[in-house]
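Counting begins at 1 with the first residue of the sequence.
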Amino acid sequence: MCTSIVVNKKKTIVGWNLDLLDMEFRVSPSDMGVFIEVNDATEGWMPLFGANARGDFVGMPTCWPHDPRSNPTCNGENVIMLDIDLLLQKKTLQEIKKIADERPLFSIPGVTFMSALSDADGNVLHIIPGQGHEYYEKPDYKILTNFSPYKQASEQHPWMGWDRYHVAEEMLKDAPDDFDVDDCFDILKAVAQDVCPTVVSMVFDVTDRKVYWCENKDWNNVNEKSFR
């Protein structure tokens, strides 16, 4: 279970709760970015989420329930590898959008990983493999939790995040023009999880190129990394 938020007011602010169960993770800050890495049994440590110095952000919520249409296809592209390429600045958001426009995107067998991507200009790309993708040019705000925006509440799952989505939307629809880092953390606190625990909460001030994060809901111990 995860929650992704992009807000474009006076500043572009991105928020991300990583909700993770029984998986080893670490936060790795560097001059390239602040990456949340997950220890994969086959690949080792993989940078799957986070912010880079160019101003891109990558979130990858899991879609519940799984949609078998997201399973690998021979003529498609692995959305996870595209996300990593954006995070490591090997591709731009526009290049990934072009790929999504031209050919199918897939996840891994049995798990529908979605993409919540944004760039330095506050543009947003949401990808739901096997279902479709949507591009938003500098929207006022966008939210993605763990349900398919194409299916809405038509399919139920305990971890789909329907409630979290609406909590975040209620807090964002009247957000002030000076919406900032603390405001974004307030939303992340409101949608933090216990059953599938929130292990990292991250806010990216894209305008100022600063990343703030804490682990395990330790809201009083926030780390900071500046790219300027």
Side-chain angles (χ1 to χ4, degrees), residues 1-6 12 14-20 23-30 32-64 66-67 69-73 76-136 142-149 161 199-200 202-204 206 211 213:
M1 296 189 290
C2 300
T3 302
S4 172
I5 300 164
V6 179
T12 295
V14 180
W16 170 251
N17 269 353
L18 173 61
D19 305 333
L20 201 62
M23 294 187 72
E24 190 179 7
F25 74 93
R26 67 187 183 192
V27 181
S28 297
S30 72
M32 284 187 60
V34 180
F35 304 152
I36 307 172
E37 301 174 321
V38 172
N39 195 4
D40 181 81
T42 302
E43 302 294 333
W45 287 102
M46 298 181 69
L48 297 180
F49 322 97
N52 66 33
R54 186 173 63 187
D56 306 304
F57 196 90
V58 173
M60 200 186 308
T62 307
C63 186
W64 298 103
H66 161 63
D67 188 326
R69 291 177 296 174
S70 71
N71 289 335
T73 59
E77 295 268 358
N78 186 332
V79 72
I80 299 172
M81 300 314 298
L82 292 177
D83 289 356
I84 293 174
D85 281 352
L86 179 63
L87 193 57
L88 300 182
Q89 302 184 48
K90 295 179 180 179
K91 287 184 173 66
T92 66
L93 186 74
Q94 296 303 322
E95 288 172 331
I96 294 174
K97 177 184 178 297
K98 186 173 186 295
I99 291 170
D101 288 339
E102 294 176 346
R103 48 192 181 272
L105 301 179
F106 61 81
S107 182
I108 62 174
V111 183
T112 304
F113 286 116
M114 303 185 290
S115 295
L117 312 177
S118 59
D119 65 12
D121 295 320
N123 302 312
V124 175
L125 179 63
H126 285 170
I127 302 171
I128 294 79
Q131 297 180 37
H133 65 281
E134 297 290 338
Y135 176 75
Y136 308 93
K142 281 296 166 186
I143 309 163
L144 191 66
T145 56
N146 297 97
F147 66 88
S148 164
V199 296
V200 180
M202 181 177 287
V203 176
F204 186 18
V206 181
V211 184
W213 73 96

J.: Compare every heavy atom of Leu48 with every heavy atom of Val58, then report the nearest pair and how far apart it is.
T.: CG1-O, 3.4 Å
J.: Identify the two heavy atoms, one from Pro47 and one from Leu88, that lie closest to each other, and give their separation to 0.1 Å.
T.: CG-CD2, 4.3 Å
J.: Do Asp101 and His133 have side-chain heavy atoms sitting under 4.5 Å apart?
T.: yes
J.: For Pro129 and Met114, which heavy atoms make the closest approach, and how far apart are they?
T.: CD-CA, 4.1 Å
J.: Determine whether Lys98 and Glu102 make a side-chain contact, defined as any pair of heavy atoms from C-beta on separated by less than 4.5 Å.
T.: yes
J.: To the nearest 0.5 Å, what is the distance between CG on Leu82 and CG on Leu117?
T.: 9.0 Å
J.: Return the CH2 to OG1 distance between Trp64 and Thr112, rounded to the nearest 0.5 Å.
T.: 9.0 Å
J.: Please examine the side chains of Pro61 and Trp16, heavy atoms only from C-beta on, and report whether any two atoms are closer than 4.5 Å.
T.: yes
J.: Could you give the distance from CD1 (Ile128) to CD (Glu134), rounded to the nearest 0.5 Å?
T.: 7.5 Å
J.: Examine the side chains of Ser115 and Asp83 and answer whether a donor and an acceptor come within less than 3.5 Å of each other.
T.: yes
J.: Of all heavy-atom pairs between Ile99 and Lys91, which one has the smallest distance, and what is that distance?
T.: CD1-CE, 3.8 Å
J.: If we ignore hydrogens and angles and just use 3.5 Å, is the side chain of Asn71 paired with the main-chain N or O of Gly110 as donor and acceptor?
T.: yes
J.: Leu93 versus Asp121: any side-chain heavy-atom pair under 4.5 Å?
T.: no
J.: Does Asn78 form a side-chain contact (heavy atoms from CB on, under 4.5 Å) with Phe106? I'd like the steps, not just the answer.
T.: CA-CA 5 Å; Asn78 186 332; Phe106 61 81; 3.7 Å; yes
J.: Is a side-chain N or O of Asn52 found less than 3.5 angstrom from the main chain of Leu87, in a donor-acceptor match?
T.: yes
J.: Is there a side-chain contact between Phe57 and Val206 (heavy atoms, below 4.5 Å)?
T.: no
J.: Apply side-chain contact (heavy atoms from CB on, under 4.5 Å) to Met202 and Leu18, showing your working.
T.: CA-CA 8 Å; Met202 181 177 287; Leu18 173 61; over 6 Å; no
J.: Return the minimal non-hydrogen interatomic distance between Leu144 and Ala116, and the atom names on each side.
T.: CD2-CB, 3.9 Å
J.: Would you mind reporting whether Val200 and Phe49 have side-chain heavy atoms less than 4.5 Å apart?
T.: no
J.: Which heavy-atom pair separates Ala120 from Arg54 by the least distance, and what is that distance?
T.: CB-O, 3.4 Å
J.: How long is the gap from CD1 on Ile80 to CE on Met46, to the nearest 0.5 Å?
T.: 6.5 Å
J.: Using side-chain heavy atoms (C-beta onward) and a distance below 4.5 Å, is Cys2 in contact with Thr62?
T.: no
J.: With side chains defined as the heavy atoms from C-beta onward, is the minimum distance between Val34 and Phe204 less than 4.5 Å?
T.: no
J.: So, taking the atom named CG in Asp119 and the one named CG in Leu86, what distance separates them when rounded to the nearest 0.5 Å?
T.: 8.5 Å
J.: Would you say the side-chain atoms of Ser70 and Ser107 include a donor-acceptor pair closer than 3.5 Å?
T.: no
